[in-house]
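Written below as structure tokens is the structure these notes are about.
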2 protein chains.
Amino acid sequence: MTTQPSQIQPTGIPEEINGLRMTRQRQEVYRFLMGEQSHPTANEVFIRIKEALPNVSLATVYNCLEALVQHKIVRQVNFDREPSRYCPNLDEHGHFHDETTGTIHDVKFKPGIKLTDLLDLPPNTVIKDIEITLRGQLA
Amino acid sequence: MTTQPSQIQPTGIPEEINGLRMTRQRQEVYRFLMGEQSHPTANEVFIRIKEALPNVSLATVYNCLEALVQHKIVRQVNFDREPSRYCPNLDEHGHFHDETTGTIHDVKFKPGIKLTDLLDLPPNTVIKDIEITLRGQLA
DNA sequence: GAACTTAATTAGAATAGTTCTTGATCTAAA
DNA sequence: TTTAGATCAAGAACTATTCTAATTAAGTTC
């Protein structure tokens, strides 16, 4: 039985993603987010990865999240002025905020829909990012 | 020549809108927003209405804006974690944030488009509010 | 209109999420 | 191994916003 290839760490996360070196802290942050549908806040990530890395600091969690966002490995999601949340789903999608439970759900477009086709945008507009937020209740 | 009806104040804003009593401070906040396409922040509103009301406080501006938003007289718009901005346009529309100039533009839907028809929402979902944010450049 | 009640305003303190600073530690390369 | 640069930790600092307490204004009742 041979050893694992060096790209694979104990966390199961590659050493590098999209040009970002995946340090142990970034791996833990990323791994946790990947297993969550709940769109955790920085503080929730912090509390959770302390189990694996007791000495990790909140500042590091913020640094990791910022690095992951900038390298398009996760998405940052904002609802009004609430704490930012983080989402591992990179497909174009919106977020539905259920006011009753406080939970957040990803919302896909129906097949074949391209949002920019439906908007009355000025000509020569280059769109780099779209964010769709819905608020309401699951009746 | 008779006097003006008592509903009309010197600012030209009615005494009440959507059940909200329009105090002098609220009038000034509202009047300023109505004349702006620039989606000002609370602080920008504050600086501007101090010209008419030198003793107004920033807390009052926040109070006024909150009251106007809650009574659906203006909309609060958020871009990431930047300071909230305020928009007098109540039609369903999105916001395009031009990264080059930092300006914000309202974006309409093409005629006949209803966003909720295009989204793959769970059944029995009651949508109370939609926010669409675009970021990019006017090339 | 005077007394009373409630709402609105002000000023400044407090809060909370996030960012910054500094020094220590780790990593990759030479 | 040495060096340079990146990353991390801890706590201070920052900033938009909210809260608190006291004052003022407005509306209501007599």
Side-chain angles (χ1 to χ4, degrees), chain A residues 6-7 9-11 13-30 39-71 73-86 102, chain B residues 6-7 9-11 13-30 32 39-50 52-71 73-74 76-86:
Chain A
S6 67
Q7 287 91 324
Q9 303 260 324
T11 54
I13 307 288
E15 278 190 350
E16 190 176 310
I17 301 179
N18 291 1
L20 180 69
R21 184 156 62 87
M22 292 300 280
T23 64
R24 185 76 208 287
Q25 286 83 348
R26 288 173 188 159
Q27 287 176 25
E28 291 294 343
V29 170
Y30 182 52
H39 303 79
T41 63
N43 198 51
E44 286 164 356
V45 173
F46 175 55
I47 288 166
R48 197 53 152 55
I49 72 168
K50 261 202 292 205
E51 294 170 13
L53 299 170
N55 294 322
V56 78
S57 76
L58 181 56
T60 296
V61 171
Y62 274 105
N63 288 341
C64 290
L65 289 168
E66 186 187 11
L68 292 169
V69 168
Q70 282 182 342
H71 286 78
I73 299 167
V74 303
R75 285 193 66 172
Q76 183 172 3
V77 182
N78 295 294
F79 293 93
D80 303 335
R81 305 220 93 243
E82 291 171 23
S84 289
R85 297 175 171 275
Y86 297 87
Chain B
S6 67
Q7 288 91 323
Q9 303 261 322
T11 54
I13 308 289
E15 278 191 351
E16 189 174 310
I17 302 178
N18 291 1
L20 180 70
R21 185 155 63 87
M22 291 301 279
T23 63
R24 185 75 208 287
Q25 286 83 347
R26 289 173 186 159
Q27 287 177 25
E28 290 295 341
V29 169
Y30 182 53
F32 172 56
H39 302 80
T41 63
N43 198 52
E44 286 163 356
V45 173
F46 174 54
I47 288 166
R48 197 53 153 55
I49 72 167
K50 262 202 293 203
L53 300 171
N55 294 323
V56 78
S57 76
L58 182 55
T60 296
V61 172
Y62 274 104
N63 288 342
C64 291
L65 289 168
E66 186 187 10
L68 292 170
V69 168
Q70 282 181 344
H71 287 76
I73 300 167
V74 304
Q76 182 170 4
V77 182
N78 295 294
F79 293 92
D80 303 334
R81 305 218 92 241
E82 291 171 23
S84 290
R85 295 175 172 277
Y86 297 87

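The structure presented is a predicted model; accordingly, all values stated were derived computationally and were not measured. The analysis underlying the following values was restricted to heavy atoms, covering all of them including side chains, and did not include hydrogens, waters or symmetry mates.
The CD-P distance, from B:Glu44 to D:dT15, rounds to 16 Å in whole Å. Taking atom CZ of A:Phe46 as the reference point, atom P of D:dG11 lies 11 Å away to the nearest angstrom. Taking atom CG of residue A:Asp80 and atom C1' of nucleotide D:dA16, one finds them 14 Å apart after rounding to whole Å. In this structure, the CG atom of B:Asn55 is 10 Å from the P atom of D:dA25, given to the nearest Å. Rounded to an integer number of Å, the gap from CZ of A:Arg24 to P of D:dA9 is 11 Å. Between the CD atom of B:Gln27 and the C1' atom of C:dT9 there is a distance of 15 Å, given to the nearest Å. Distance CE (A:Met22) to P (D:dC8): 10 Å, rounded to an integer number of Å. Distance CZ (A:Arg26) to P (C:dC26): 16 Å, rounded to an integer number of Å.
When the side-chain contact (heavy atoms from CB on, under 4.5 Å) test is applied to A:Asn43, the partners found at least two apart in sequence or on another chain are A:Thr41, A:Phe46, A:Ile47, A:Leu58. Taking B:Ser84 as the reference, A:Arg81, B:Gln76, B:Asn78, B:Tyr86 meet the side-chain contact (heavy atoms from CB on, under 4.5 Å) condition, with sequence neighbours excluded.
Between the two ends of the helix from C:dG1-D:dC30 to C:dA30-D:dT1, each summarised by a five-pair axis, the helix axis turns through 30° (rounded to 10 degrees).
Inter-residue side-chain proximity for A:Met22 and A:Leu68 is flagged as met; some heavy-atom pair is nearer than 4.5 Å.
Note that CD1 of B:Ile13 is 6.5 Å distant from CD of B:Gln27, once rounded to the nearest 0.5 Å. Taking CZ from A:Arg75 and NE2 from A:His39, the interatomic distance works out to 9.5 Å, rounded to the nearest 0.5 Å. Between atom CG of residue A:Leu53 and atom CZ of residue A:Arg48 there is a gap of 12.5 Å, rounded to the nearest 0.5 Å. To the nearest 0.5 Å, atoms CZ (A:Arg21) and NE2 (A:His71) are separated by 11.0 Å.
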Pairs: protein N or O with nucleotides 15-21 of chain C N or O, under 3.5 Å:
| unit_1 | atom_1 | unit_2 | atom_2 | d |
| --- | --- | --- | --- | --- |
| C:dT18 | OP1 | A:Ser84 | N | 2.8 |
| C:dT18 | OP1 | A:Ser84 | OG | 3.2 |
| C:dT18 | OP1 | B:Arg81 | NE | 3.2 |
| C:dT18 | OP2 | A:Tyr62 | OH | 2.5 |
| C:dT18 | O5' | A:Tyr62 | OH | 3.3 |

Are any protein N/O atoms closer than 3.5 Å to N/O atoms in nucleotides 27-29 of chain C? If there are, list each pair with its distance.
none

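Ranking C:dT10, D:dC8, C:dT9 by closeness to the B:Val56 side chain, first place goes to C:dT10.
Remark: B:Gln25 is not in phosphate contact with D:dA25, judged by side-chain N or O atoms under 4.0 Å from OP1 or OP2. Dashed line: the shortest gap from a side-chain N or O of A:Thr60 to OP1 or OP2 of D:dA9 is under 4.0 Å. Here B:Thr23 reaches the OP1 or OP2 of C:dT9: one of its side-chain N or O atoms lies under 4.0 Å away.
Pairs passing the side chain to side chain donor-acceptor pair (under 3.5 Å) check and including a residue from residues 55-69 of chain B, sequence neighbours excluded, read B:Ser57-B:Thr60.
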